[in-house]
Every structure is written in C-alpha cells, then in structure tokens.
Protein chains: 2
Amino acid sequence: MSIKFAILGLLHYKDMHGYRIKEHIERNFGNMWSINYGQIYPNLKKLETEGLVTKKDISQINAPNKKLYMLTEKGRETFTEWLFTPPDRGMLIRDPFLLRFIFFGFGDRKSSIKIIDEQIVNYERQLKKRKENIIKWEKQDVYVRLMADLGLNFNEMMLKWLNQARAEINKSSDGDLANAAGFFSD
Amino acid sequence: MSIKFAILGLLHYKDMHGYRIKEHIERNFGNMWSINYGQIYPNLKKLETEGLVTKKDISQINAPNKKLYMLTEKGRETFTEWLFTPPDRGMLIRDPFLLRFIFFGFGDRKSSIKIIDEQIVNYERQLKKRKENIIKWEKQDVYVRLMADLGLNFNEMMLKWLNQARAEINKSSDGDLANAAGFFSD
DNA sequence: TCTACCATGTAATCTGTTACATGATTGC
DNA sequence: GCAATCATGTAACAGATTACATGGTAGA
C-alpha cells in the first residue's frame with residue numbers, strides 16, 4: 001500500500017509521469033528501495049479512479065507521448081493524513097548476504113571470507129558514490145538532507161562491521177562451529 | 001525463495017517442526033525479519049517433495065502431535081551450494097517511518113518531531129533488549145555473535161541519527177521547505 | 001545496423017500476509 | 001471460566017517481480 005503514498009509524496013514536488021517516477025526512485029533510493037513498472041502504472045490508474053490524482057496527456061514530437069499526473073486537493077489531504085499517522089510496523093530488512101552470513105559456520109572459512117570481501121567492495125563503491133552525491137543533497141530541505149546522512153552513516157557502519165567481522169573470522173579456528181549447538185535452548 | 005534456505009539452515013542445528021521454526025526466527029531475528037505459518041507449512045511440504053528434508057510424526061501426550069523435519073543429504077548439499085553463491089541482490093530496506101520521514105517537509109515541524117520521538121522510544125527499548133541478550137550470544141559461534149553485534153551497531157546508529165535529526169529539525173525554520181523543489185533536476 | 005533511451009502497459013507468476021478452523025493442555 | 005501456549009494447516013487476498021508486447025528517436 002505504501003507505493004501509493006510514495007507516489008503522492010513525489011507529486012508534491014512536481015507533476016510527473018510513470019517513467020519519471022521510477023527513474024526518480026531508482027536514482028535517489030535505489031540502494032535500498034526497488035520499484036518496477038508493474039507496480040507504478042497500475043497504481044497510477046488506481047490513484048486516478050480514487051480521485052487522488054488527475055491525468056493530462058502530453059504529446060511529444062521527438063519522444064513517445066506521456067501522461068502527466070498531478071495531485072488533487074483530495075490527494076493532498078489523504079497524503080497529509082497518512083504522513084502523521086504513526087507507522088504501523090517497524091523496519092523490515094531483507095538481505096540475501098546477511099541470511100547467508102548467519103549460516104557461514106556450516107561452510108569453510110575461506111569461502112566465507114571471499115563472500116565478505118565481495119561485500120566490502122560493494123559497500124566501498126557505494127560509499128564513494130554517496131560521498132560524491134552528498135553535495136547535491138546539502139542544499140535540499142532538512143529531511144532530504146538528513147536522509148542522505150542516514151545513508152552515509154549506514155554505509156560507514158556496515159563497512160566498519162564487515163572489516164571487523166573479517167578480522168575476527170580470520171583469527172578464529174574452524175572448530176568454533178561446535179559451540180553453535182547452544183544456539184538452541186529448548 | 002529464501003525462506004526455504006533459512007529453514008534448511010536452521011535444520012542444520014537441530015531437527016525441528018514448523019511451530020518451533022517460527023518461534024525461533026521470531027525470537028532471534030524478530031526485529032528485522034517476519035515470518036508466518038502461511039509461509040512455513042507450505043514450504044516444509046515443498047521441501048519434502050523435493051527430497052531436501054524428511055518428516056517424522058511424533059505423538060505427544062500433553063501437547064498436540066508434531067511433525068519433526070530433518071535434513072537429507074541432498075538438502076545439505078543444496079544448502080551448501082546456495083551458501084556460497086554470491087548474493088544476487090543488495091539489501092532491501094522497507095520502513096514505513098523512513099518513507100514518511102523524507103516527506104516531512106510537507107507537514108508541520110511539531111508533528112514530525114512527535115513521530116520522531118516515538119521512534120526514539122522504540123529504538124531505545126529495542127537497544128535495551130539487545131544489550132540484555134548480548135551475553136546470550138557471546139558464547140555462540142563467531143557468525144551468530146557477529147550478527148548480534150551488527151544488530152547493536154545498527155540500533156546505536158539509528159538512535160544517534162534520530163537524536164541528531166530531532167535537534168536539527170528543531171532549530172530549522174518551517175520556511176526551509178521551499179528549497180526542496182531543487183530536489184528535482186531534470 | 002545495433003544499442004540505448006524514452007514511454008506505456010499487461011499477464012503470469014511468485015511471495016507474503018491475514019484470517020480462519022481445529023483442538024488439547026496449563027495456569028490464573 | 002478464560003487466556004495463553006502448543007501445534008498444524010488452508011483460503012483469500014495483497015504485494016512484488018519477471019517477462020513480454022509495442023514502437024519511436026538519437027547516436028555510435
């Protein structure tokens with residue numbers, strides 16, 4: 001249900017069409033949020049029938065026609081109401097790397113470290129990008145800027161942790177696995 | 001698809017039945033991972049037909065009968081193969097609070113701070129719990145212990161960020177919103 | 001010519017969530 | 001008597017992902 005509100009939020013800044021909405025989400029939140037046309041176009045239609053947005057067909061000469069969506073008064077109200085209703089659930093994190101990580105004790109140390117190293121490379125690349133972009137965010141509204149800060153903080157924390165994990169795994173012996181049975185206490 | 005591997009992973013420690021699997025995931029990863037019977041029981045059945053686990057009916061006198069699942073050799077192999085295939089995607093975070101946060105510029109400062117304060121309370125409660133549990137993890141295998149560390153680090157980072165955000169928002173004026181239009185540069 | 005980008009959409013599929021049904025035991 | 005815990009399951013629904021279809025323009 002939240003994509004609907006993400007769209008309504010973005011339309012506060014500017015009238016937009018589906019393609020641009022996806023592009024925008026990917027550019028700005030792509031490292032942690034994923035979206036696709038299969039969600040956007042049906043949701044735009046639904047928002048229109050619910051009277052939260054209106055549509056305007058725009059013909060273009062050097063590009064395919066597009067459909068500009070803009071907020072209605074009702075859309076603005078619905079959004080504002082949602083904005084300050086306390087979030088119904090906590091943060092959900094799903095990471096195929098971390099899911100593997102907790103079970104690395106069932107494999108060999110070498111392979112674990114290989115996968116961890118790949119993660120370090122990924123997060124380092126990401127951090128570099130974030131640092132390049134931070135200037136862009138610096139002049140935006142407080143909230144957008146703070147979100148960019150969070151991204152940086154998160155990235156730095158992950159790298160610190162990954163490196164610490166790598167070091168500890170390196171010095172540990174393979175036999176440490178045996179202790180894991182105590183993981184279960186019933 | 002990853003719940004299947006999570007189950008296979010847990011069965012490495014101990015033979016288990018569906019109810020216990022859910023309990024376990026909730027107890028240990030409940031702050032970031034959610035699971036329900038609608039996923040567990042069908043997946044256990046599927047794993048059985050695929051020959052990755054076998055089932056044993058256990059009758060109990062003072063409790064309902066249960067179905068113990070245990071790994072097969074094929075299950076163990078399939079799991080190990082998965083364990084060291086590089087993760088196909090990055091981390092996905094979905095948080096109804098953060099989704100609201102980026103749009104707080106479209107509301108009033110007072111309401112924003114109220115929601116932020118609620119988050120601070122939540123994360124403080126969580127941090128307290130994590131600190132209590134950390135002793136329990138300390139004697140586990142390296143990877144499980146490191147995961148617990150990550151949870152702590154994450155929690156502390158979020159709290160630091162939330163408090164910093166709160167302070168900055170407090171001293172900012174409502175008019176700062178106007179700048180947000182530059183968020184879009186196309 | 002081929003690739004990339006612009007732009008909209010749908011169908012099939014897969015995943016995840018909620019709600020319901022069943023029923024025994026234990027503790028307050 | 002009531003709530004909680006143990007235990008298994010299904011059906012309906014909601015949400016997300018993948019793959020496909022269409023077709024124009026710009027640039028290498």
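Residue numbers start from 1 in every chain, and the chains themselves are labelled A, B, ... in the order their sequence lines are given, proteins ahead of strands. Below, each value reflects all heavy atoms present in this structure, side chains not excepted, and no hydrogens, waters or symmetry copies.
Residues from residues 50-65 of chain B placing a heavy atom under 4.0 Å of any atom in DNA chain D, listed by number, are B/Gln60, B/Pro64, B/Asn65.
Projected onto DNA chain D by closest heavy-atom contact, B/Leu44 and A/Ser34 fall at different nucleotides, the more 5' of which corresponds to B/Leu44. Along DNA chain D, the nucleotide nearest B/Arg94 and the nucleotide nearest B/Tyr69 are compared for position; the residue whose nucleotide lies closer to the 5' end is B/Tyr69. Judged by closest nucleotide on DNA chain C, A/Pro42 is the one of B/Ile35 and A/Pro42 placed further toward the 5' end.
Using bins of under 30°, 30° to 60° and over 60° for the plane-to-plane angle, the ring pair A/Phe97/A/Trp161 lands in the perpendicular bin. Using the six-membered ring where Trp is involved, A/Phe106 and B/Tyr13 have ring planes that are perpendicular, over 60° apart on the 30 and 60° scheme. Ring orientation note: the planes of A/Phe154 and A/Tyr123 are nearly perpendicular, at an angle over 60° on the 30°/60° scale.
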Shorter than 3.5 Å, N or O on both sides, protein versus nucleotides 18-22 of chain C: list them out with atom names.
| residue | atom | partner | partner atom | Å |
| --- | --- | --- | --- | --- |
| C/dT18 | OP1 | A/Arg89 | NH2 | 3.3 |

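Of the candidate nucleotides C/dT10, C/dG16, D/dT17, C/dT10 has the atom nearest to the side chain of A/Tyr41. Distance from the side chain of B/Arg20 is smallest to D/dA7 among D/dA16, C/dG9, D/dA7.
Residue pairs satisfying the side-chain hydrogen bond (donor to acceptor under 3.5 Å, both in side chains) criterion with at least one member in residues 69-90 of chain B, sequence neighbours excluded, are listed as follows: A/Arg100-B/Thr85.
Between A/Val121 and A/Asp117, the closest side-chain pair of non-hydrogen atoms is not below 4.5 Å.
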